[in-house]
2 protein chains.
Amino acid sequence: MARHAGVSPSTVSYVLSGKRSISEATTRRVRESIDALGYQPHAGARSLASRRSNVIALVIPLREDVHVPVAMRFAVSVVTAARAFDHDVLLLTQGEGPDGLRRVAGSAMVDGVIVMDVEADDARVPVLRSLDLPSVLIGVPEDTEGLTCVDLDFAAAGAACVHHLADLGHTEVAFVGQPPSVYERRTGFAERTVAGFEEAAAERGVVATSHPCSPDTVREVVGTLVGEHPGVTGLIVHNEPSVGPLLEAFAEHGRTVPGLSVVAIGPVPPGVPPLTSVDLPAEEVGARAVGLLMDKIEGPAHPGVTLQVPRLTTRQSTAPRP
Amino acid sequence: MARHAGVSPSTVSYVLSGKRSISEATTRRVRESIDALGYQPHAGARSLASRRSNVIALVIPLREDVHVPVAMRFAVSVVTAARAFDHDVLLLTQGEGPDGLRRVAGSAMVDGVIVMDVEADDARVPVLRSLDLPSVLIGVPEDTEGLTCVDLDFAAAGAACVHHLADLGHTEVAFVGQPPSVYERRTGFAERTVAGFEEAAAERGVVATSHPCSPDTVREVVGTLVGEHPGVTGLIVHNEPSVGPLLEAFAEHGRTVPGLSVVAIGPVPPGVPPLTSVDLPAEEVGARAVGLLMDKIEGPAHPGVTLQVPRLTTRQSTAPRP
DNA sequence: ACATCTCTTCGAACCGGTTCGACGATGGAC
DNA sequence: GTCCATCGTCGAACCGGTTCGAAGAGATGT
C-alpha cells in the first residue's frame, strides 16, 4: 500500500487518521492508491498498535420474559449508532454471564460495553466496576454509584398515564403489568413504572390497583378486574404482547374501548386498533447509550443516570369518563 | 507473562495452542502463571500474527415482515454455537448492505460470515462469491452454485402438514401464509413451503387454496375462507404472529378448534392453546450453520445445501374430519 | 566413547499497523 | 546572508502475539 503510493507507512497512517498535517498532493496520491487497491487497514494490527479495537460489546438478554422485539430494536439502534462512530458491535449473550465481560475486556477485543436489561441487583455490575472497561447500562440498578445508565423514565411514564386518565375524569384505574417473574427479579423499569403509577394516583386522588400479567393469565386478570373492581374505567397496560388478548377478554365481558379507556406503555403491536400510548423510544435510548459510551472511551467518565422523557400520544382508545 | 513463568513467549504460545509438545512441568508452570495473572492473550496481536480473528460475522435482517423472535432465536443459537468453537460474533445489520461484508472481510475482522434471511435473488450473494471469505447462508437463494446453505426443509414441512390432515380424512384444506411482501421479494422459505403444500395436496387429491396474510388482513382472509371456501376443514398456518387473531376470528364465525383442524408451521406463541405444529428448529439450524462455517474456515469448502428435516408434533388442534 | 536421534525450549523474524523524534526544505525576520 | 520557526515526510521502535529453524540435553544404538 505505502509502496504503491510511493510514501512511507507512517504517511499513510497520518493520511487516514489526520493526526498530522499532510500536503494536499500527498494526500491525494495516497487516497488514489487506497481506491485502486481497495485497501483496508488490518483491524488486528490497528488494535494492537493503537490500543483501540473500534469494537464495542453489546450484552443482550435472553430471558423469556423479556419482550424480544423491543430488545431487537435496541440492538439494531445500537449497531446503527455505533457504525456512525466507526465502531462495530460484538454480540454477547447472557450465556457466559460475567465471564464473557472479563474475556472481551481482558483480550482487548472491545473498547467498551453496553449492557441491556439491567436488574436492580445485577451480578454484572460489580464485574463492570472492577474491569475499568468503559460501559453504559441500559436500565438502572439499585446502586448507580460510578455508573453510566440510560433508560426511559418509566416512573414518569406511569405517572403520565395516570394524569392523562385523571384529566379525562377517571377516578378508578387499574394497572396491568409485566409477568410476575419480572417483578420477582426486581427489574428496575417494571418496578419504577408501578411506583410512578401509584404515586401519581395518590397525588390525583385516583383509586388504583395493579396486576402483574403474563400471556397465560390474561383471562384470570380480566376476571378479577371485572369481578372485584367493576368501577374501573381506565386501564394502563404495561405488557405489550398481552394487549390484544386483554382487550378481547374485556370485550367478552361487554367492556369495549373507549368506554373502557386504555393507555399502553410501549409499542403497540400490529393487529390491535391504535391505542393512546407512551411509546418506548428504543432507538433514542440505544443511540444515547452509544453516544455516552463513545464519550467515555474518548475522555474521562461522567457517570450519571440519563432518563429519557416519555411522550404520551393520544389516540382513539381513551375518552372522558362515561 | 512469559517472564512471570520463566519461559519464552513462544513457549507460552505453544502451551496455549498445543501445536508443539511441551513438557508437563513447563505446562503446569505456565498455566499457574496464567491463573495468577489472569492473563488473556491480546486478540489483536493474535489475529495479526495468526491471520485468524476468532470472530465470525452474523448478518441479521431488519425487515419489518421478518418475525423478530424467530430471528433472535437464530442469533442466540449462532452465538452459543460459535462460543463452543471459541469464536465470537460480530453483529452486522442490513443497514450497510453488501459494503458491510466487504469491510469486515477486507480488514480481516472476521474469519467467516453467516448470512440470515437470504432471498431468492439476493444482492449479497455475488458479493460473497467475490470475497473468498468463508460463508454460510441461512436460507436458500435461487442459484446455489458454490454456496453453503442451511435451512429447514420448508417444502417437506408444508407437505407434512398436508399429509397429516389428509391422513385424518380432510379433503379440503387452506394454507394461510406470510404477508404478501414476503412473497413479493421472493423469500425462498415462504415460496418453498407453499410449493410443498400444493404438491402434496395434488398428490393426495386434496382441494387446496393458499392465502397470504398480514396482521392487518386477518379478518379479511378469514372472511374469504368462510365465505368462499366453506368446505375447508383443515387449516395450515405459516404465520406465527397471526395465529392467535386468526383463531379468534374463526371462532366468531362459529368455527372452533378442533372442529376446524389447525396445523401451525413455526413456534406457537404463548397464550394460544397448544397446536399441532411443525416446529422451526432455529437452534439446530443455527448450530448447524456455525458447524459448517467452522469446517470451511478450517479446511477446503464443501459447498451444498443442507435441509433440516421437519418434525410434526401432534397436539390437540387436529382431529379427524367431522 | 562417539555418532545419531528425539524431545524440549529458545531466539529471531514477522504479522501490519501507530506514534514519536528527527531531519531537510521552505519562508520570514533581522 | 545568517538564524530560527514551521511544515511535510521519513525511519525506527513498538504493540503482543505466532511460527519456524535451530540449539542443547538426554537417551539410544554400536
Side-chain angles (χ1 to χ4, degrees), chain A residues 1-34 36-55 86-88 102-111 133 297-298, chain B residues 1-34 36-55 86-88 102-111 133 297-298:
Chain A
M1 166 60 214
R3 196 164 54 224
H4 183 279
V7 299
S8 76
S10 47
T11 302
V12 175
S13 180
Y14 288 125
V15 168
L16 255 25
S17 71
K19 293 191 178 173
R20 280 194 185 179
S21 65
I22 296 289
S23 72
E24 202 206 321
T26 306
T27 300
R28 186 158 26 76
R29 211 137 40 82
V30 170
R31 294 215 175 282
E32 280 168 9
S33 292
I34 287 176
L37 300 173
Y39 168 80
Q40 311 244 163
H42 188 288
R46 188 199 279 254
S47 96
L48 177 58
S50 67
R51 322 188 129 274
R52 283 284 177 78
S53 65
N54 277 37
V55 175
D86 195 30
H87 279 245
D88 276 285
R102 291 206 188 83
R103 185 171 53 80
V104 295
S107 60
M109 291 187 84
V110 303
D111 299 335
L133 174 73
I297 290 173
E298 296 303 332
Chain B
M1 166 61 214
R3 197 164 53 225
H4 182 280
V7 299
S8 76
S10 48
T11 303
V12 176
S13 180
Y14 288 125
V15 168
L16 256 27
S17 70
K19 293 192 177 174
R20 278 193 187 180
S21 67
I22 297 289
S23 72
E24 202 205 321
T26 306
T27 300
R28 186 158 26 77
R29 211 140 38 82
V30 170
R31 293 216 176 281
E32 280 167 12
S33 293
I34 288 175
L37 276 58
Y39 168 80
Q40 310 245 165
H42 188 289
R46 188 198 278 255
S47 96
L48 177 58
S50 68
R51 323 186 130 277
R52 281 286 176 77
S53 65
N54 276 39
V55 175
D86 195 31
H87 279 243
D88 276 285
R102 290 205 188 83
R103 185 170 54 78
V104 295
S107 59
M109 292 187 82
V110 303
D111 299 335
L133 174 73
I297 290 173
E298 296 303 332

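Residue numbers start from 1 in every chain, and the chains themselves are labelled A, B, ... in the order their sequence lines are given, proteins ahead of strands. Just so it is clear, the model here is predicted, and its values are computed rather than measured.
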Check your understanding: Touch check for V7(A), heavy atoms < 4.0 angstrom, all strands: base, sugar-phosphate only, or nothing?
Key ->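 Contact class for V7(A): sugar-phosphate only.
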Report all interatomic pairs (protein N or O, nucleotide N or O of nucleotides 23-28 of chain D) with separations under 3.5 Å.
none

Could you pull out all residues at least two apart from [X] that satisfy side chain to side chain contact (heavy atoms under 4.5 Å, CB included)?
X: R31(B); result: V15(B), L16(B), T27(B)
X: A49(A); result: none
X: R52(B); result: S50(B), N54(B), D111(B), I297(B), E298(B)
X: R103(A); result: L92(A), E96(A), M109(A), Q40(B), R83(B), D88(B)

Point to revise | Contact boundaries on DNA chain C for chain A, cut-off under 4.0 Å to non-hydrogen atoms | key: dG16(C) to dA22(C)
Practice item. Any side chain to side chain donor-acceptor pair (under 3.5 Å) involving residues 12-23 of chain A? Give me the pairs, sequence neighbours left out, ordered by first then second residue. Key: S23(A)-T26(A)
Review point. Below 3.5 Å, does any donor atom in the side chain of Y14(B) face an acceptor in the base of dC20(D), or the other way round?
Key: yes
Specify the closest pair of heavy atoms between [X] and [Y], including all atoms of both residues, with the distance to one decimal.
X: M1(B); Y: I34(B); answer: CE-CG1, 3.6 Å
X: A2(A); Y: S8(A); answer: CB-C, 3.8 Å
X: S47(B); Y: S53(B); answer: CB-CA, 3.7 Å

Review point. To the nearest 0.5 Å, how far apart are NE2 in H4(A) and CD in E32(A)?
Key: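 The CD atom of E32(A) is 9.5 Å from NE2 of H4(A), to the nearest 0.5 Å.
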Study note, to complete from the structure: Across all chains, not counting sequence neighbours, the salt bridge (Lys or Arg N to Asp or Glu O under 4.0 Å) partners of R29(B) are none
Review point. For DNA chain D, what residues of residues 19-32 of chain A have any heavy atom nearer than 4.0 Å?
Key: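 Residues of residues 19-32 of chain A under 4.0 Å from DNA chain D: R20(A), S21(A), I22(A), S23(A), T26(A).
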**Study point:** By side-chain hydrogen bond (donor to acceptor under 3.5 Å, both in side chains) - contacts of S107(B) (at least two apart)
**Key:**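 Partners of S107(B) by the side-chain hydrogen bond (donor to acceptor under 3.5 Å, both in side chains) criterion come out as none, since no residue qualifies.
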Exercise for review: Work out how much the helix from dA1(C)-dT30(D) to dC30(C)-dG1(D) bends between its end axes, five pairs an end, to the nearest 10 degrees.
Suggested key: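 Computed from the C1' atoms at both ends, the axes differ by 50°.
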Point to revise | Of S10(A) and V12(B), the one whose closest DNA chain D nucleotide lies more 5' | key: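 Checking each residue's closest nucleotide, the 5'-ward one belongs to S10(A).
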Review point. Are OP1 or OP2 of dG11(D) and a side-chain N or O of S8(A) less than 4.0 angstrom apart?
Key: no
